[in-house]
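All residue numbers refer to positions in the sequence shown, counting from 1. Note that these values count all heavy atoms, side chains included, but never hydrogens, waters or copies made by symmetry.
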Amino acid sequence: MTMTSSGKRAALVLAAAIAAPATLTFPTVAHGDPAPDAMGRHQVARPAFPETAAGLSPVRRRIVAVLRAEYANPHAPEYYAQGIREAWCADFVSWTQRKAGSPVRNPSNGSWRIPGVATLTEYYRSVGRFRGPDYRPKPGDVVLYAPPNRFRQHTNTVIAVNGDHVTTLGGNEPPHGISINGYDRSTVRGIVGYGLPK
């Protein structure tokens, strides 16, 4: 069978589309995300990572440095979850804390990875490093959320604080998978509390 010139053009367009580099996308968890494009990608500019505050402890500086590196060069979600495909916000927090030298320990199996927000909260309570919602967080603290927060049950890490505005970075977050978000302490709802690094 002989291919027509229009058929050849269609085949070339299809081959070019297949050869084009893919854009890595991640699942998101919150309502009100920007509408995805035809390929499922969220077209939102990524904000710059904030400057690291002076006077942080060494472990807090390491946590922020790990988060900065992952924001600049993110991995696929399964990378943070030992190859498991699941909602991965708590996996990302566990991985970050371990990489920075402040590991968590799963109370169920002793693993460095705690895949659930409720279990992560339980862990911080059990080791005496949990602070309630009125605590003034610092970079390196883990934030633990529940409804009615826009994230629902979720967790991420503080990367900057400016007055009452808290800037966070987390995995499995809109709009980029590993994303910078934030909240105002005077108006936010649904903060369960904070987990402090070692």
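- With sequence neighbours left out, the side-chain hydrogen bond (donor to acceptor under 3.5 Å, both in side chains) criterion links T167 to no other residue.
- The nearest pair of heavy atoms linking P174 to N181 is O-ND2, 3.2 Å.
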Kindly list each side-chain donor-acceptor pair under 3.5 angstrom involving residues 187-197, sequence neighbours excluded, with atom names and distances?
{"from": "Y194", "atom 1": "OH", "to": "Y183", "atom 2": "OH", "distance (Å)": "2.8"}

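- Listed by chain and residue number, Y123 satisfy the side chain to side chain contact (heavy atoms under 4.5 Å, CB included) test with R105 (two or more places apart in sequence, or in another chain).
- The side-chain hydrogen bond (donor to acceptor under 3.5 Å, both in side chains) check on Y135 picks up D141, with sequence neighbours excluded.
- The distance from atom CG of L144 to atom CG of N156, rounded to the nearest 0.5 Å, is 9.0 Å.
- Within the model, atoms CG of N162 and NE2 of H165 stand 8.0 Å from one another, a figure rounded to the nearest 0.5 Å.
- Considering only residues two or more places apart in sequence or on other chains, A100 meets the side chain to side chain contact (heavy atoms under 4.5 Å, CB included) condition with R62, I63, V66.
- Of all heavy-atom pairs spanning I178 and P74, the tightest one is CD1-CB, 3.7 Å.
- Residues S94 and V104 are in side-chain contact: their nearest non-hydrogen atoms beyond the backbone lie under 4.5 Å apart.
- No path of Ile, Leu, Val, Met, Phe, Trp and Tyr side chains, each step under 4.5 Å between heavy atoms, connects V93 with Y71, placing them in separate hydrophobic clusters.
- The side-chain heavy atoms of L67 and T96, taken from C-beta on, include a pair separated by under 4.5 Å.
- V59 is not connected to V142 by any chain of hydrophobic side-chain contacts under 4.5 Å among Ile, Leu, Val, Met, Phe, Trp and Tyr, and they are in different clusters.
- Listed by first and then second residue, the salt bridge (charged side-chain N to carboxylate O under 4.0 Å, His left out) pairs involving residues 123-139 are R136-D164 (not counting sequence neighbours).
- Within the structure, side-chain hydrogen bond (donor to acceptor under 3.5 Å, both in side chains) pairs that include any residue of residues 45-58 comprise T52-R68 (at least two apart or interchain).
- Under the 3.5 Å distance criterion, the side-chain polar atoms of T155 are matched with a main-chain donor or acceptor of V143.
- Of all heavy-atom pairs spanning S179 and P175, the tightest one is OG-N, 3.4 Å.
- Considering every non-hydrogen atom in both N172 and C89, the closest pair reads CB-N, 3.8 Å.
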Could you pull out all donor-acceptor pairs under 3.5 Å where a side-chain atom in residues 107-122 meets a protein atom, sequence neighbours excluded?
{"from": "N109", "atom 1": "OD1", "to": "S111", "atom 2": "N", "distance (Å)": "2.9"}
{"from": "S111", "atom 1": "OG", "to": "R113", "atom 2": "N", "distance (Å)": "3.0"}
{"from": "R113", "atom 1": "NE", "to": "Q82", "atom 2": "OE1", "distance (Å)": "2.9"}
{"from": "R113", "atom 1": "NH1", "to": "E86", "atom 2": "OE2", "distance (Å)": "2.8"}
{"from": "R113", "atom 1": "NH1", "to": "D91", "atom 2": "OD1", "distance (Å)": "2.9"}
{"from": "T121", "atom 1": "OG1", "to": "V117", "atom 2": "O", "distance (Å)": "2.9"}

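- Under the side chain to side chain contact (heavy atoms under 4.5 Å, CB included) criterion, P147 pairs with R152, sequence neighbours left out.
- Clustering ILVMFWY residues whenever any of their side-chain heavy atoms sit less than 4.5 angstrom apart, transitively, puts I84 in a cluster other than the one holding W88.
- Every residue meeting the ring-ring contact (aromatic ring centres under 6.0 Å, His included) condition with Y145, not counting sequence neighbours, appears here in chain and number order: F151, H154.
- Rounding to the nearest 0.5 Å gives a distance of 11.5 Å between NZ of K99 and CZ of F92.
- Under a 3.5 Å cut-off, the side chain of Y80 and the backbone N or O of H75 do form a donor-acceptor pair.
- In terms of the side-chain hydrogen bond (donor to acceptor under 3.5 Å, both in side chains) criterion, N73 has no residue partners (sequence neighbours excluded).
- Contacts of Q153 classified as side-chain hydrogen bond (donor to acceptor under 3.5 Å, both in side chains), with partners at least two apart in sequence or in another chain: none.
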